[in-house]
Amino acid sequence: MRWSNAVMQRIAGSQLVPGRPLVHFVRDPELLRRLSNDFGKKQSGLEKEIHKLAGEDFNIGSPKQLGDILFGRMGVEGGRKTKTGAWSTDVDVLEEVAAQGHPIAQKVLEWRGLAKLRGTYTEALPGYINPKTGRVHTSYAMASTSTGRLASTDPNLQNIPVRTEEGRRIRQAFIAAKGNQLISADYSQIELRLLAHIANIPQLKKAFAENLDIHAMTASEIFGVPIKGMPAEVRRRAKAINFGIVYGISGFGLANQLGIPQSEASDYIKKYLARFPGIRDYMETTKEFARTHGFVETLFGRRIHIREINSKIPGFRGGAERAAINAPIQGSAADVIRRAMVRLPGALAEKKLSARMLLQVHDELIFEAPLKEIEPTRKLVSSVMEKAGL
DNA sequence: TCGGCAAGCCAC
DNA sequence: AAACGTGGCTTGCCGA
């Protein structure tokens with residue numbers, strides 16, 4: 001059986017009704033208000049310092065003004081232009097400028113972080129509270145991504161901050177109803193596991209079967225370093241390679257990501273592919289399949305069309321080739337979690353458990369469950385999610 | 001006032 | 001020859 005995205009929508013629609021809220025999240029608006037204040041104060045402090053360092057009161061939120069001041073008036077070296085010819089002021093550029101000894105760059109980065117958290121989250125989320133339910137409700141688009149992932153909008157609850165300490169404080173505003181608790185269950189390394197399976201890589205499959213640290217194992221294979229006592233930096237590089245492989249990496253991209261010379265990055269990739277030759281086979285076979293058929297398939301036979309795969313424009317073609325490599329992996333992961341989502345409400349009902357499925361974040365499901373049912377709910381959710389590929 | 005684009009950045 | 005996949009939201013800016 002072949003599933004197009006449209007069919008997936010009907011199947012999934014038995015649980016997830018398009019256009020209607022699926023998600024019900026209690027919010028703590030008071031905490032968001034406090035965070036907004038807190039972030040705002042830090043922001044105005046930084047604003048004064050930045051204006052002083054720049055010698056003028058410009059709009060920090062305007063990349064154009066910032067770029068002109070840094071690389072024009074202040075004569076900072078080593079700038080880069082965006083495709084429209086304006087000075088780029090993105091994170092990488094500003095970090096480089098900061099490293100050159102211009103304290104203004106670091107201040108601007110901090111200011112931007114706070115502006116982002118305030119503008120996108122702490123200030124915006126309260127406006128989404130439904131007065132009837134007191135909760136924020138998102139909408140899920142079920143057939144709007146090429147790979148079969150869901151997309152969350154109005155508000156997007158799939159990109160709530162988690163990587164920085166300040167960002168994590170925002171998550172504390174998401175709370176369960178009285179007498180309930182949130183349960184989060186996420187697939188561990190689902191895309192790498194799928195890659196190991198789809199490309200049939202014995203070492204990777206074995207490592208996963210034995211529950212080993214996959215990044216450390218990769219590092220050990222590529223760099224010949226024993227896993228025991230491995231420096232964190234070595235593992236970090238292997239982790240970046242693992243992620244990059246799934247995305248159709250290049251030496252340039254990896255070098256950029258790790259801040260190392262391109263020659264070194266290319267060398268890593270070469271070693272990786274020599275160690276796991278099945279990965280190169282998978283990449284070549286997948287590209288060839290896409291060129292011939294115009295689509296690739298997930299593990300469950302759902303097709304993903306790759307329109308530019310035979311394009312004569314190298315940029316388009318290259319992009320299409322990377323998309324073709326990534327789509328079966330990302331798409332199969334999307335299939336697996338959808339299967340779990342379709343099965344879960346019935347499985348919960350059968351066990352007389354009253355947990356509600358609140359959110360999906362690509363490899364993670366979040367539930368709200370009564371305190372007394374936490375343990376059985378955890379067990380059932382894990383079990384259904386683990387068997388979802390079967 | 002609205003729309004769209006560019007730049008930037010949040011998540012997986 | 002280009003350079004790491006999938007998304008959504010905000011601000012600044014410009015033109016209708």
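Numbers restart at 1 for each chain; the letters A, B, ... are given by sequence-line order, proteins then strands.
Residue contacts shown for Gly244(A) include a base, since a base heavy atom lies under 4.0 Å away. Contacts of Ala255(A) with the nucleic acid, taken as non-hydrogen atoms under 4.0 Å apart, are absent. Among the heavy atoms of the strands lying under 4.0 Å from Gln65(A) are primed sugar atoms or P, OP1, OP2 only; no base atom is included. Contact annotation for Lys64(A): no contact, since no heavy-atom pair falls under 4.0 Å across all strands. Within 4.0 Å (heavy atoms only), Val361(A) reaches sugar-phosphate atoms of the nucleic acid but no base atom. Heavy atoms of Gln158(A) sit under 4.0 angstrom from primed sugar atoms or phosphate atoms, though from no base atom. Note on Ile160(A): only backbone sugar-phosphate atoms sit closer than 4.0 angstrom, heavy atoms only; bases stay farther off.
Using a distance-only test at 3.5 Å, with no hydrogens or angles considered, no donor-acceptor pair links the side chain of Ser220(A) to the main chain of Ala216(A).
Ranking dA7(B), dG8(C), dC9(B) by closeness to the Asn156(A) side chain, first place goes to dG8(C). Distances from the side chain of Thr153(A) to the nucleotides dG8(C), dG7(C), dA1(C) place dG8(C) closest. Ranking dC9(B), dC10(B), dT6(C) by closeness to the Tyr121(A) side chain, first place goes to dC10(B). When distances run from any side-chain atom of Asn159(A) to the nucleotides dG7(C), dG8(B), dA6(B), the shortest one goes to dG7(C). Listed candidates were dT6(C), dG5(C), dG12(C). Nearest to the side chain of Arg322(A) is dG5(C). When distances are taken from the side chain of Thr120(A) to each of dT10(C), dG5(C), dA7(B), the shortest belongs to dT10(C). Taking every side-chain heavy atom of Gln262(A) into account, dA3(C) is the closest of dA3(C), dC10(B), dG12(C). Nearest nucleotide to the side chain of Asp154(A), out of dG5(C), dC9(C), dC9(B): dC9(C). Candidate nucleotides dA11(B), dA1(C), dG8(B) were compared by shortest atom distance to the side chain of Val162(A), and dA11(B) ranks first. Here the side chain of Arg149(A) is nearest to one of dC12(B), dA6(B), dG8(B), namely dC12(B).
In this model, no donor atom of one side chain and acceptor atom of the other lie less than 3.5 Å apart for Tyr247(A) and Arg322(A). Side-chain N/O atoms of Gln360(A) and Gln158(A) include a donor and acceptor closer than 3.5 Å.
Between the CG atom of Leu192(A) and the C1' atom of dG5(C) there is a distance of 13 Å, given to the nearest Å. The distance from atom NZ of Lys83(A) to atom P of dA2(C) is 14 Å, rounded to the nearest whole Å. We find that CD1 of Ile325(A) is positioned 12 Å from P of dT6(C), with the value rounded to whole Å. If you measure from atom CG of Asp90(A) to atom C1' of dT10(C), you get 17 Å, rounded to the nearest angstrom. Rounded to whole Å, the distance from CG on Asp68(A) to C1' on dC13(C) is 13 Å. When the P atom of dT6(C) is taken as reference, atom CZ of Arg302(A) falls 14 Å away, rounded to whole Å. Protein atom CH2 of Trp111(A) is 18 Å distant from nucleotide atom P of dA7(B), rounded to whole Å. Rounded to an integer number of Å, the gap from CG of Leu254(A) to C1' of dA2(C) is 16 Å.
Side-chain nitrogen and oxygen atoms of Gln330(A) include none within less than 4.0 Å of the OP1 or OP2 phosphate oxygen of dG7(C). The side chain of Ser88(A) contributes an N or O atom lying less than 4.0 Å from OP1 or OP2 of dG8(B). For the pair Thr82(A) and dA7(B), the criterion of a side-chain N or O lying under 4.0 Å from OP1 or OP2 is met. Regarding contacts with the backbone of dA11(B), a side-chain N or O of Arg163(A) is found under 4.0 angstrom from either OP1 or OP2. Close to dA11(B), at under 4.0 Å from its OP1 or OP2, lies no side-chain N or O of Ser152(A). Close to dT11(C), at under 4.0 Å from its OP1 or OP2, lies no side-chain N or O of Asn59(A).
Between His293(A) and Phe295(A), the ring planes are tilted. Angles from 30° to 60° get that label.
Nearest-nucleotide assignment on DNA chain C puts the 5′-proximal partner with Pro314(A), out of Gly318(A) and Pro314(A). Nearer to the 5' terminus of DNA chain C, by closest-nucleotide assignment, is the contact made by Phe252(A) (compared with the other of Ala323(A) and Phe252(A)).
Taking the ring axis of Trp87(A) as reference, the NZ or CZ atom of Lys64(A) does not stay both within 45° of it and closer than 6.0 Å to the ring centre.
Ring centroid separation for the pair Phe58(A) and His51(A) comes in under the 6.0 Å cut-off.
The base of dC10(B) lies outside donor-acceptor range of the side chain of Lys116(A), with no N or O pair under 3.5 Å.
Residue Leu353(A) holds its CG atom at 4.5 Å from OG1 of Thr377(A), rounded to the nearest 0.5 Å.
Residues satisfying the side-chain hydrogen bond (donor to acceptor under 3.5 Å, both in side chains) criterion with Arg73(A), sequence neighbours excluded, are Glu56(A).
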